[in-house]
Amino acid sequence: MKALIADAINEKGIENLKEVADVVVDTSITPEELLETIGEYDGIIVRSRTKLPAEVIAKADNLKIIGRAGVGVDNIDVNAATEKGIMVVNAPESTSITVAEHTMGLILSAVRKIAVADKSTKEDKWEKKRFMGMELKDKTLGVIGMGRIGSQVVNRCKAFQMDAIAYDPYLPAEVAKQMGVELLDSKEELLKRADIITIHVPLTPETKHSISTKEFEMMKDTAFIFNCARGGIIDEDALYDALKEGKIGGAGLDVYENEGKETNNKLYELDNIVCTPHIAASTKEAQRDAAIIVADELIELFKGNMPRNIINMPRINNSGFEDANDYLEVCDKLGSFISQSTKGAIKELEITYSGEIADVASQELFTRTVLQGLLNPISEAGVNAVNARNIAKGRGIDITEAKNNKDKGYGSLVKLTAKTDVGDFSVVGTYLHEPTIIEINGYRVDVKPEGDMFIAKYKDIPGSIGAIGTKLGEYNVNVGIMQVGRDIQGGKAIMVLTLDNEAPKEAIDEIKALSNVEDATTLKFN
Ligand code: NAD
């Protein structure tokens with residue numbers, strides 16, 4: 001096996017790889033040279049300097065694996081790699097400790113005013129009275145997103161004798177208990193109770209601007225908020241107002257809506273915010289670990305084993321089921337639909353296969369694809385058919401599978417029932433020229449999950465549908481297709497809309513506040 005290290009990575013990773021492969025280190029290789037030589041290699045490791053666009057991948061005739069020594073894979077055309085049957089792996093866990101430590105740095109710097117005091121002291125001002133701080137002991141830490149990084153922040157804050165509360169609707173209560181945090185049902189309660197709020201969620205349609213004016217108003221006027229996750233989760237205009245008007249005590253950011261030089265961010269004018277330039281993951285140790293983790297992935301593959309952090313999974317249909325690829329798409333869409341529409345942490349997921357799909361010897365790949373669809377909208381970890389079962393298990397989701405040979409007139413059907421803390425949610429799908437949902441919570445529908453969508457549960461009384469449509473109209477959101485289903489006249493009903501454009505969060509909040517509406521949410525599909 002021959003591997004190319006195209007960007008500078010830690011020596012330990014290179015040494016390990018040399019034990020199983022002929023390693024070429026060329027960290028100044030140009031795009032032209034790469035295009036000429038890529039065909040020689042079985043594996044390549046890059047960081048962010050080297051780009052692997054479709055033209056390079058097209059020439060990579062021997063390449064089996066691309067390793068990204070880090071997390072983001074923006075520099076790699078993953079779709080082109082998938083089509084060519086090349087695995088892409090990364091090292092998502094390499095930065096968790098480093099980012100958690102940086103979060104602690106921002107917290108301490110903000111509550112003890114270290115950054116502004118440093119500036120003032122070096123200006124020889126000696127302003128002792130100006131920098132009255134706040135102790136962390138006995139304060140409440142509120143973590144939004146209790147994944148790899150959020151949980152490490154909790155561990156560190158415990159050493160400061162803080163109490164920890166968390167909001168993560170996808171985390172089962174038992175897992176939260178093991179992590180030693182009080183898991184809350186609502187983000188609002190966290191915002192009201194926490195002294196230090198720290199965000200560790202992915203940027204998704206649900207989390208975008210999920211901290212805005214309304215949320216700042218709920219916080220204590222002494223509260224501090226930190227974002228080392230992704231820019232755009234906090235609405236920066238609202239943050240500016242909250243800091244300027246003293247609605248909160250202070251903030252710390254490592255990530256921004258617009259990143260880079262000369263963004264003229266007005267937040268930089270304020271003294272009660274600490275800012276760093278997206279460096280939370282930048283330590284030698286994280287880089288070393290990323291190199292070691294990703295080199296180990298290449299080693300595993302070269303030895304004939306399966307790497308752990310595979311981002312893509314070239315699909316191979318050896319099931320003998322002709323429609324397998326169509327139903328893999330159905331499974332992915334159903335998983336994503338249920339994940340985006342279900343409120344509450346999923347404790348159990350029941351998957352029932354009916355018709356021809358139930359006759360296939362193993363439904364394993366379909367089940368894993370359901371889990372991939374389910375976990376992808378709430379994670380940036382690169383969930384795929386290989387790691388989906390393990391990630392689901394880590395989140396405490398019990399998976400049960402059943403076969404039912406009655407197909408109700410469809411070739412094949414897949415039914416998912418999610419059991420959550422707040423009730424059950426079920427969805428049935430099939431393939432009718434494209435993935436199609438034919439039942440939601442027992443109501444018959446005909447929904448093609450694609451683009452921007454909207455789902456609401458409401459009371460089936462005159463005016464409910466109109467009120468929802470009017471609210472969307474007020475926010476300039478046009479409805480493409482509407483589907484409604486109900487149990488009995490005047491009973492509970494469900495509405496699924498295909499939207500021409502994304503509905504803003506404010507529109508959804510106003511719809512949720514309508515007296516006839518039980519719940520409403522937006523969904524997004526590729
Ligand atoms: P993770 O996938 O391990 O954890 C994310 C957690 O957020 C999960 O537990 C998930 O259930 C939860 N979540 C998802 N949607 C949610 C919602 N709407 N409300 C509440 N919780 C929700 O991810 P991680 O590795 O801990 O990374 C967390 C964030 O940090 C990501 O956005 C990642 O991109 C970012 N990150 C930033 C840097 C940096 O340099 N600043 C470096 C690494 C990671």
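Counting convention: from 1, in listed order, for ligands and their atoms alike.
Close to ligand 1: C228, with a non-hydrogen atom less than 4.0 angstrom away.
Relative to atom 13 (N) of ligand 1, the option among V201, L171, V143 with the closest non-hydrogen atom is V201. For atom 29 (C) of ligand 1, the candidate residues are A281, S210, A229; the nearest heavy-atom contact is made by A229.
Under 4.0 Å from ligand 1, the heavy atoms of M146 that appear belong solely to its backbone. Looking at E206 against ligand 1, only its side chain comes within 4.0 Å, counting heavy atoms. Contacts between V99 and ligand 1, counted as non-hydrogen atom pairs separated by less than 4.0 Å, involve the side chain only. By the criterion of a heavy-atom distance under 4.0 Å, the side chain of D254, and not its backbone, is placed next to ligand 1. Within the 4.0 Å heavy-atom criterion, neither part of H102 lies near ligand 1.
At under 3.5 Å, a nitrogen or oxygen of I149, whether backbone or side chain, sits near a nitrogen or oxygen of ligand 1. Residue S96 has no nitrogen or oxygen atom sitting less than 3.5 Å from a nitrogen or oxygen atom of ligand 1, judged on distance alone.
Remark: ligand 1 atoms within the under-4.0 Å shell around heavy atoms of T95 are 43 (C). Under a 4.0 Å criterion applied to the non-hydrogen atoms of P169, ligand 1 contributes the atoms 19 (N), 20 (C), 21 (N). Residue contact check: H200 has heavy atoms under 4.0 Å from atoms 5 (C), 6 (C), 7 (O), 28 (C) of ligand 1. Atoms of ligand 1 found under 4.0 Å from any heavy atom of R230, numbered from 1 in the order shown, are 32 (O), 34 (O), 37 (C). Residue H278 approaches ligand 1 through these ligand atoms, each under 4.0 Å from one of its heavy atoms: 39 (C), 40 (O), 41 (N). Using a 4.0 Å cut-off to heavy atoms of T207, the atoms of ligand 1 that qualify are 17 (C), 18 (N).
T417 and D424 are not linked by any side-chain donor-acceptor pair at a separation below 3.5 angstrom, with hydrogens and angles left out of the test. Inspection of the Q372 and R368 side chains reveals no N or O donor paired with an N or O acceptor under 3.5 Å. Side-chain contact of E401 with T367: a donor-acceptor pair under 3.5 Å is present, judged by distance alone.
Under the 30°/60° scheme for interplanar angles, the aromatic rings of F337 and F525 are found to lie parallel.
At a threshold of 4.0 Å, the pair K524-D452 counts as salt-bridged, since one of the basic side-chain nitrogens sits closer than that to a carboxylate oxygen. In this structure, E93 does not pair ionically with R148, as no charged nitrogen and carboxylate oxygen lie closer than 4.0 Å. Between K208 and D235 there is no salt bridge, since no side-chain nitrogen of the basic residue lies less than 4.0 Å from a carboxylate oxygen of the acidic one.
Note that K247 lies outside the cation-pi zone of F216, set by a 6.0 Å cut-off to the ring centre and a 45° limit from the axis.
No donor-acceptor pair closer than 3.5 Å links the side chain of E188 to the backbone N or O of M218.
Counting only heavy atoms from C-beta outward, the side chains of K113 and V116 approach each other to under 4.5 Å.
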